[in-house]
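These notes concern the structure reproduced below.
What you are looking at is a predicted structure, and each value in this text was computed from that prediction instead of being measured.
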Amino acid sequence: KKDGEGLIVQVPDESSETRPVPMASLQPSHANQCIAIVGAGAAGSRAAESLRQNGWEGRILLISGESDLPYDRPNCSKGLLSGEAKDEWMPLRSEKFYQENGIERQIGRVVDCNIREKAVRFENGAEISPQGILLAMGGRPKTLDVPGVDLKEVVTLRSWKDTRRILDLIENASNIVVVGASFIGMEVAASLRERGKNVTVLSPEETPFLEELGEPVGKAIQKLHEKNGTKLALGSRVREFRGDDHLKAVVSESGDVYNADVAIVGIGVEPATDLVEGVELNKDGSLNVDETLRFADDVYAAGDIARYPSAHTGGRVRIEHWRLAQQHGAVAGENLLGGKKAFTGVPFFWTRQCGSSIGVVGYPNDRDETVMTGNGDGSFTAYFIKEDRLVAAAGKQTDNLECFSELMRTNRLPSPKEILADKSPDLSRFL
């Protein structure tokens with residue numbers, strides 16, 4: 001009701017923090033119809049829910065090579081590794097949820113997905129020919145081809161299982177070497193420092209996050225790590241992991257020796273698309289999709305493996321972010337049922353570095369210039385500019401990032417000159 005000067009809203013004394021979304025259920029009359037989702041990460045698990053939310057009454061086969069329930073992957077290098085999160089917090093949904101909503105979890109490795117024949121074949125020889133397919137295999141950690149890389153204390157971190165293995169390895173470890181100074185490597189370093197471990201980061205980059213966020217932001221994060229006690233050996237490449245039965249040290253190409261009980265390699269991922277047959281992949285292994293995430297007739301791709309036309313950059317991008325993969329999954333699920341919805345989501349993710357949360361909005365990788373505002377040691381926002389146009393923002397000023405995201409979503413971003421006229425810009429004035 002209205003009361004002269006405005007709108008009065010009455011809120012119940014008790015209310016739920018969540019509201020269940022209505023979902024269709026599996027109907028026996030549609031049991032011969034199936035949509036297969038290859039991959040049960042952020043994109044795949046969200047797509048399964050999207051299918052039911054958009055009325056699909058046939059079978060949903062959610063295929064995973066991992067026995068764990070779909071889980072919160074970002075916590076693998078953040079809260080779970082640092083000790084702040086618990087194992088029981090990791091699953092996104094309970095087993096009961098999947099059972100009640102007729103989402104069949106199939107544990108098994110897919111060895112061939114033939115796009116032309118629209119057939120999915122498993123390692124055990126079983127084969128299915130579903131009505132629709134979503135490819136959502138995610139990424140596979142890159143490794144190093146150097147002596148000693150097969151020592152059991154040299155590991156990568158991608159999965160919940162990997163985190164559990166690392167926690168076992170570091171229990172009695174003192175010295176840990178992290179190889180790589182991008183998001184996964186620096187998050188691991190920060191998390192292990194919270195556990196009181198001696199951590200050294202080796203990376204060929206002279207500055208952390210140089211490729212992803214540029215030197216100004218990288219230097220700001222580098223200072224956080226240095227103050228937190230992380231040792232940084234930047235501009236260093238690994239020559240060998242030294243040890244007999246167990247890892248003893250990591251040796252750089254310049255001959256520097258770093259004592260190590262455990263080494264964690266975090267040098268990025270590559271699209272896990274080697275099982276896709278009958279089509280040509282991009283050089284990096286990714287799949288080109290259209291604005292609806294369609295790859296071929298009745299076949300869609302989402303998440304880390306999809307290179308899609310961005311509504312905000314004008315070019316094709318491939319983004320390895322958890323939230324974006326979930327957004328992809330929601331749209332792909334709708335379009336698998338005949339929808340024509342274009343994906344226009346604004347990329348956003350956050351990284352936790354030495355007690356600080358740093359958010360990134362947009363696509364900063366393709367930039368001409370980076371401009372920092374605020375205090376680099378404390379609160380800051382960096383703006384990324386391409387051809388005199390704002391394409392991304394990053395920093396610790398949450399309000400500014402939220403405003404930037406909304407302005408990008410609604411295509412109302414001002415020019416760099418307008419924003420940077422104030423050395424500490426408040427973007428809310430543009431909303």
Side-chain angles (χ1 to χ4, degrees), residues 42-43 74 182-183 186-187 207-221 268 286 289 291 293 302-304 306-331 342-353 356-374 376 379-422 424-431:
S182 59
F183 293 108
M186 299 305 281
E187 285 180 356
T207 305
F209 306 102
L210 191 60
E211 181 179 347
E212 300 91 342
L213 299 177
E215 186 173 7
V217 178
K219 290 291 187 186
I221 299 175
S286 64
V289 296
E291 66 277 3
L293 305 179
D304 292 4
R307 188 171 293 278
Y308 69 97
S310 169
H312 307 290
T313 68
R316 285 188 174 275
V317 297
R318 184 177 74 85
I319 298 177
E320 301 167 354
H321 300 162
W322 171 260
R323 179 175 177 270
L324 185 112
Q326 288 187 311
Q327 291 174 303
H328 272 191
V331 171
F343 180 76
T344 59
V346 174
F348 169 80
F349 75 99
W350 65 276
T351 180
R352 178 176 169 177
Q353 302 289 333
S356 294
S357 291
I358 298 169
V360 182
V361 181
Y363 186 67
N365 299 58
D366 187 16
R367 60 186 180 271
D368 296 329
E369 182 184 3
T370 305
V371 179
M372 290 280 283
T373 65
S379 185
F380 70 90
T381 301
Y383 296 96
F384 302 88
I385 303 166
K386 173 76 171 179
E387 297 176 352
D388 199 34
R389 184 169 60 93
L390 289 165
V391 294
K396 298 169 66 175
Q397 295 172 327
T398 304
D399 291 346
N400 258 0
L401 295 181
E402 290 176 349
C403 291
F404 190 96
S405 179
E406 178 62 14
L407 290 167
M408 177 171 274
R409 185 188 71 83
T410 55
N411 295 314
R412 290 187 292 147
L413 274 173
S415 69
K417 185 176 180 180
E418 289 177 287
I419 282 187
L420 300 172
D422 183 353
S424 299
D426 177 4
L427 299 191
S428 63
R429 71 183 189 273
F430 296 105
L431 292 175

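A donor-acceptor pair under 3.5 Å is formed between the side chain of Thr373 and the backbone N or O of Thr381. In terms of modelled atom types and a separation under 3.5 Å, the side chain of His312 and the main chain of Thr344 share a donor-acceptor contact. The backbone N or O of Pro347 lies less than 3.5 Å from no partner atom in the side chain of Arg323, so there is not a single donor-acceptor pair.
Of all the heavy atoms in Ala42 and Ala325, the pair that sits closest is CB-CB, 3.8 Å. Heavy-atom minimum distance, Glu212 versus Ser182: OE2-CB, 3.0 Å. For Ile358 against Lys396, the heavy-atom pair with the smallest separation is CG1-CG, 3.8 Å. Shown here for Ala302 and Gly329, the closest heavy-atom pair between the two residues is CB-N, 4.4 Å.
Annotation: side chain of Tyr308 is not in contact with side chain of Val331 (no heavy-atom distance under 4.5 Å). Between Phe384 and Lys386 the shortest side-chain heavy-atom distance does not fall below 4.5 Å. Using a 4.5 Å cut-off on side-chain heavy atoms (C-beta onward), Phe404 and Leu390 make contact. Between Pro414 and Leu407, the closest side-chain pair of non-hydrogen atoms falls below 4.5 Å. Looking only at side-chain heavy atoms (C-beta outward), Val346 and Gln327 stay at 4.5 Å or farther from each other. A heavy-atom distance below 4.5 Å is not found between the side chains of Asp388 and Ser415. For the pair Ile385/Val391, no side-chain contact is recorded, criterion being any heavy-atom separation below 4.5 Å from C-beta on. Counting heavy atoms from C-beta on, the side chains of Met372 and Val217 come closer than 4.5 Å.
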Check the pair Asn400, Tyr383 against side chain to side chain contact (heavy atoms under 4.5 Å, CB included), reporting the backbone distance first and the verdict last. CA-CA 11 Å; Asn400 258 0; Tyr383 296 96; 3.4 Å; yes
Does the side chain to side chain donor-acceptor pair (under 3.5 Å) test come out yes or no for Glu187 and Thr351, once each step is laid out? CA-CA 7 Å; Glu187 285 180 356; Thr351 180; 2.7 Å; yes
Please step through side chain to side chain contact (heavy atoms under 4.5 Å, CB included) for the pair Thr313 and Asp366, ending with a clear verdict. CA-CA 9 Å; Thr313 68; Asp366 187 16; over 6 Å; no
How far apart are the C-alpha atoms of Cys403 and Leu431, what are their side-chain angles, what is the distance that settles it, and do they pass the side chain to side chain contact (heavy atoms under 4.5 Å, CB included) test? CA-CA 7 Å; Cys403 291; Leu431 292 175; 3.7 Å; yes
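The aromatic rings of Phe343 and His328 sit perpendicular to each other, their planes meeting at more than 60°, with 30° as the lower class boundary.
Summarising the geometry, atom CZ belonging to Arg389 is positioned 10.0 Å from atom CG belonging to Asp368; distances are rounded to the nearest 0.5 Å. In this structure, CG on Asn365 lies 7.5 Å from CG on Leu213, to the nearest 0.5 angstrom. Arg316 CZ to Glu291 CD: the interatomic distance, rounded to the nearest 0.5 Å, is 9.0 Å.
Just one residue in the list Phe349, Phe183, Phe348 forms a ring-ring contact (aromatic ring centres under 6.0 Å, His included) with His321, and that residue is Phe349.
Summarising the local packing, CD of Glu418 is surrounded by more than 12 heavy atoms from other residues, nucleotides or ligands at distances under 6.0 Å.
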